[in-house]
Amino acid sequence: VNVWRPLDYPVERSPLGFIDSSIVELEDWCTLSIIYPERVGMVQGVVHRENHRWLVIDRMETDMVWIFCQFDNKGMRPVPHSAVEILGTGKNARPRRSIESRILVRYGD
């Protein structure tokens, strides 16, 4: 699972957003290359679809935490997520400061 939360002050710019994974089809997923000077990384992405529903908490407080599935070998759907831009965000809004931790969870059979 991923655990994500804001640091220092509420999120003013580029909050974390999620697509409702129950409506993401297999063909919506794609592989994206992230090109660094010394290597090329690969990540899973989702193509834009009009039927995708997004969930965003604007001005998320520092005492709030997102916990969401990133990978599950038993078939639970991953949750597509990204920083999103909110229309009308003020020019003086502070950049987002946040931390994300990936945690391995194991269950007995």
Side-chain angles (χ1 to χ4, degrees):
V1 296
N2 280 29
V3 179
W4 186 96
R5 74 178 200 89
L7 298 173
D8 301 328
Y9 49 83
V11 175
E12 296 177 13
R13 178 181 302 279
S14 305
L16 191 62
F18 301 90
I19 298 175
D20 177 352
S21 62
S22 70
I23 59 173
V24 176
E25 301 293 336
L26 187 58
E27 60 269 13
D28 293 348
W29 290 96
C30 61
T31 301
L32 302 171
S33 297
I34 301 178
I35 301 170
Y36 300 99
E38 68 284 352
R39 68 181 178 88
V40 175
M42 308 298 276
V43 296
Q44 285 294 111
V46 175
V47 298
H48 172 74
R49 303 277 188 228
E50 289 296 325
N51 69 320
H52 287 166
R53 293 187 304 260
W54 283 83
L55 173 65
V56 177
I57 295 181
D58 194 21
R59 299 202 48 85
M60 186 173 171
E61 298 286 339
T62 58
D63 62 349
M64 300 170 77
V65 174
W66 285 114
I67 300 174
F68 56 97
C69 177
Q70 188 60 39
F71 174 79
D72 181 81
N73 65 348
K74 301 280 188 187
M76 183 179 199
R77 293 175 178 230
V79 178
H81 62 286
S82 178
V84 298
E85 296 302 319
I86 303 294
L87 296 176
T89 298
K91 292 181 181 180
N92 295 327
R94 294 177 287 188
R96 184 185 79 206
R97 288 191 29 87
S98 58
I99 187 167
E100 176 180 5
S101 299
R102 295 180 181 166
I103 300 168
L104 176 65
V105 178
R106 294 188 61 166
Y107 294 97
D109 289 336

- Message: Rounded to the nearest 0.5 Å, what separates atom CG in Asp28 from atom CD1 in Ile23?
- Response: 8.5 Å
- Write out all pairs satisfying ring-ring contact (aromatic ring centres under 6.0 Å, His included) with one or both partners inside residues 67-96, taking only residues at least two apart or from two chains. Phe18-Phe68, Phe68-His81
- Message: Is it true that, when you exclude Met64 itself, more than 12 heavy atoms of the residues, nucleotides or ligands shown sit nearer than 6.0 Å to its CE?
- Response: yes
- Please report the closest heavy-atom contact between Gln70 and Asn2, naming both atoms and the distance. CB-OD1, 3.4 Å
- Short side-chain to backbone donor-acceptor contact, Arg5 and Ile99, under 3.5 Å: no
- Smallest heavy-atom separation, Val56 atom then Gly17 atom, equals CG2-CA, 3.8 Å
- Query: Side-chain heavy atoms under 4.5 angstrom apart, residues restricted to Ile, Leu, Val, Met, Phe, Trp, Tyr: same cluster for Val79 and Ile57?
  - Reply: yes
- Report yes if some heavy atom in the side chain of Trp29 is under 4.5 Å from a heavy atom in the side chain of Val46; otherwise report no. yes
- Message: With clusters defined by side-chain heavy atoms of hydrophobic residues (ILVMFWY) lying less than 4.5 Å apart, directly or transitively, does Val1 cluster with Val65?
- Response: yes
- Item | Separation between CZ of Arg13 and CG of Asp58, rounded to the nearest 0.5 Å | 11.5 Å
- Check Leu32 against Gly45 and note the closest heavy-atom contact, atom names and distance. CD1-CA, 3.8 Å
- Gap separating the NZ atom of Lys91 from the OG1 atom of Thr89, nearest 0.5 angstrom: 12.5 Å
- Item | Contacts of Asp8 that satisfy salt bridge (Lys or Arg N to Asp or Glu O under 4.0 Å) - sequence neighbours left out | Arg97
- Message: Quick check: do Met60 and Pro10 have side-chain heavy atoms less than 4.5 Å from each other?
- Response: no
- Message: Using 0.5 Å steps for rounding, measure from the CZ atom of Arg59 to the CD1 atom of Ile86.
- Response: 12.0 Å
- Task: Could you tell me whether Asp63 atom CG has more than 12 heavy atoms of other residues or ligands within 6.0 Å of it?
- Result: yes
- Which atom of Pro78 lies closest to which atom of Ser21, heavy atoms considered: O-CB, 3.3 Å
- Message: I'd like to check Trp66 versus Leu55 (side-chain heavy atoms, cut-off strictly below 4.5 Å). Are they in contact?
- Response: yes
- Item | Pairwise distance CZ(Arg77) to OG(Ser22) - rounded to 0.5 angstrom | 6.5 Å
- Identify the heavy atoms of Leu16 and Arg96 that sit nearest to each other, and give their distance. N-NH1, 4.1 Å
- For the residue pair Pro6 and Val11, what are the closest heavy atoms and their distance? CB-CG2, 3.7 Å
- Does Tyr107 share a hydrophobic cluster with Ile103, counting links as ILVMFWY side-chain heavy atoms below 4.5 Å and allowing steps through other members? yes
- Roughly how far, to the nearest 0.5 Å, is the SG atom of Cys30 from the CD atom of Gln44? 7.5 Å
